[in-house]
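Just the heavy atoms: all of them, side chains too, but no hydrogens, waters or symmetry mates, feed the values below. Positions are given from 1 along the sequence.
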Amino acid sequence: MTENDNPRTLELKRVLAAPRAAIWRCWTEPDLLVRWFTPTPWRTIRAELDVRPGGTMHVVMQGPDGPEVPTSGVYLEVVPESRLVWTDAYSRAWIPAEEPFFTAAVTLADVSGGTEYRATAAHWTEDARKRHEDMGFHEGWGMAASQLEALAQSL
């Protein structure tokens, strides 16, 4: 079974009209990540990224009415300009999180017209996948991908 066939996985795949190196920068540089990561009207107000296997990420998003939503995780795989995998199963280092939700992967490849962008969210349970889908995974991650594309084009 591939991760695409897994009933606990959601996927967004599209071609972004931007160079792969610029898209990678937008994922790995905190000052760039905060500019595109959260679909409007939400926004990302803080990002701390230690982009290396075992390194931690901490991102704080803020809703339109003011509530802050922090999320933390650990990078599992980092292949520069090609693949980035992280999980919220750990809060930092190898300390287990209280309620893990998913492992995410972003894969980038050069194609005619830009960069093939594939983002997957593999959930611990089918119920978690359904909750994420009901929260608007495809719309939200799609909007964020469009914001990412626009920012990467400007670099």
Can you tell me how far the [atom1] atom of [X] sits from the [atom2] atom of [Y], to the nearest 0.5 Å?
| X | Y | atom1 | atom2 | answer |
| --- | --- | --- | --- | --- |
| Leu108 | Ile23 | CG | CD1 | 6.0 Å |
| Glu116 | Lys13 | CD | NZ | 4.5 Å |
| Thr9 | Arg129 | OG1 | CZ | 9.0 Å |
| Arg35 | Cys26 | CZ | SG | 8.0 Å |
| Met135 | Leu10 | CE | CG | 10.0 Å |
| Leu148 | Arg14 | CG | CZ | 9.5 Å |

Restricting to non-hydrogen atoms, name the atom on [X] and the atom on [Y] that form the minimum distance, rounded to 0.1 Å.
| X | Y | result |
| --- | --- | --- |
| Ala47 | Pro30 | O-CB, 3.3 Å |
| Glu149 | Ala17 | OE2-N, 2.6 Å |
| Ala144 | Trp36 | O-CE3, 3.3 Å |
| Pro100 | Ala89 | CB-CA, 3.6 Å |
| Ala22 | Leu155 | O-CD1, 3.9 Å |
| Ala109 | Arg20 | N-CD, 4.0 Å |

Applying the 4.5 Å side-chain criterion to the ILVMFWY set and letting contacts propagate, would [X] and [Y] be lumped into a single cluster?
| X | Y | answer |
| --- | --- | --- |
| Val60 | Phe101 | no |
| Leu76 | Trp27 | no |
| Val78 | Met57 | yes |
| Trp24 | Val79 | no |
| Val85 | Phe137 | no |

Review point. Just checking, any donor-acceptor pair under 3.5 angstrom between side chains of Thr38 and Arg43?
Key: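 No pair is found: no donor N or O on one side chain lies under 3.5 Å from an acceptor on the other.
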
Point to revise | Qualifying residue, where the test is side-chain hydrogen bond (donor to acceptor under 3.5 Å, both in side chains) with His123 and the options are Arg8, His132, Glu133 | key: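 Passing option: His132.
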
Point to revise | Residues Glu126 and Lys130 bridged, charged N to O under 4.0 Å | key: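 No, no charged N to carboxylate O under 4.0 Å.
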
Review point. Got a donor-acceptor contact below 3.5 angstrom from the Thr71 side chain to the Val59 backbone?
Key: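 Side chain of Thr71 to backbone of Val59, a donor-acceptor pair under 3.5 Å: no, none is there.
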
Check your understanding: Within the distance-only criterion (no hydrogens, no angle test), does the side chain of Thr103 pair as donor or acceptor with the backbone N or O of Thr87 below 3.5 angstrom?
Key ->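 No; judged by distance alone, with no hydrogens or angles, the pair does not exist.
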
Review point. If you draw a 6.0 Å radius around CZ in Phe102, do more than 12 non-hydrogen atoms from other residues or ligands fall strictly inside?
Key: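 More than 12 heavy atoms, drawn from other residues, nucleotides or ligands, come within 6.0 Å of this atom.
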
Practice item. Mark yes when over 12 heavy atoms from residues, nucleotides or ligands other than Glu68 sit less than 6.0 Å from its CD; otherwise mark no. Key: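 Yes, CD of Glu68 has more than 12 neighbouring heavy atoms, counting only those of other groups under 6.0 Å.
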
Practice item. Walk me through it: do Trp124 and Asp88 pass the test side-chain contact (heavy atoms from CB on, under 4.5 Å)? Key: CA-CA 11 Å; Trp124 300 110; Asp88 66 355; 4.1 Å; yes

Practice item. In sequence, state the C-alpha distance, the side-chain angles, and the governing distance for Ser91 and Glu98, and then conclude on side-chain contact (heavy atoms from CB on, under 4.5 Å). Key: CA-CA 8 Å; Ser91 57; Glu98 288 190 33; over 6 Å; no

Practice item. Assess whether side-chain contact (heavy atoms from CB on, under 4.5 Å) is satisfied between Glu48 and Thr56, documenting all intermediate values. Key: CA-CA 8 Å; Glu48 299 166 18; Thr56 57; over 6 Å; no

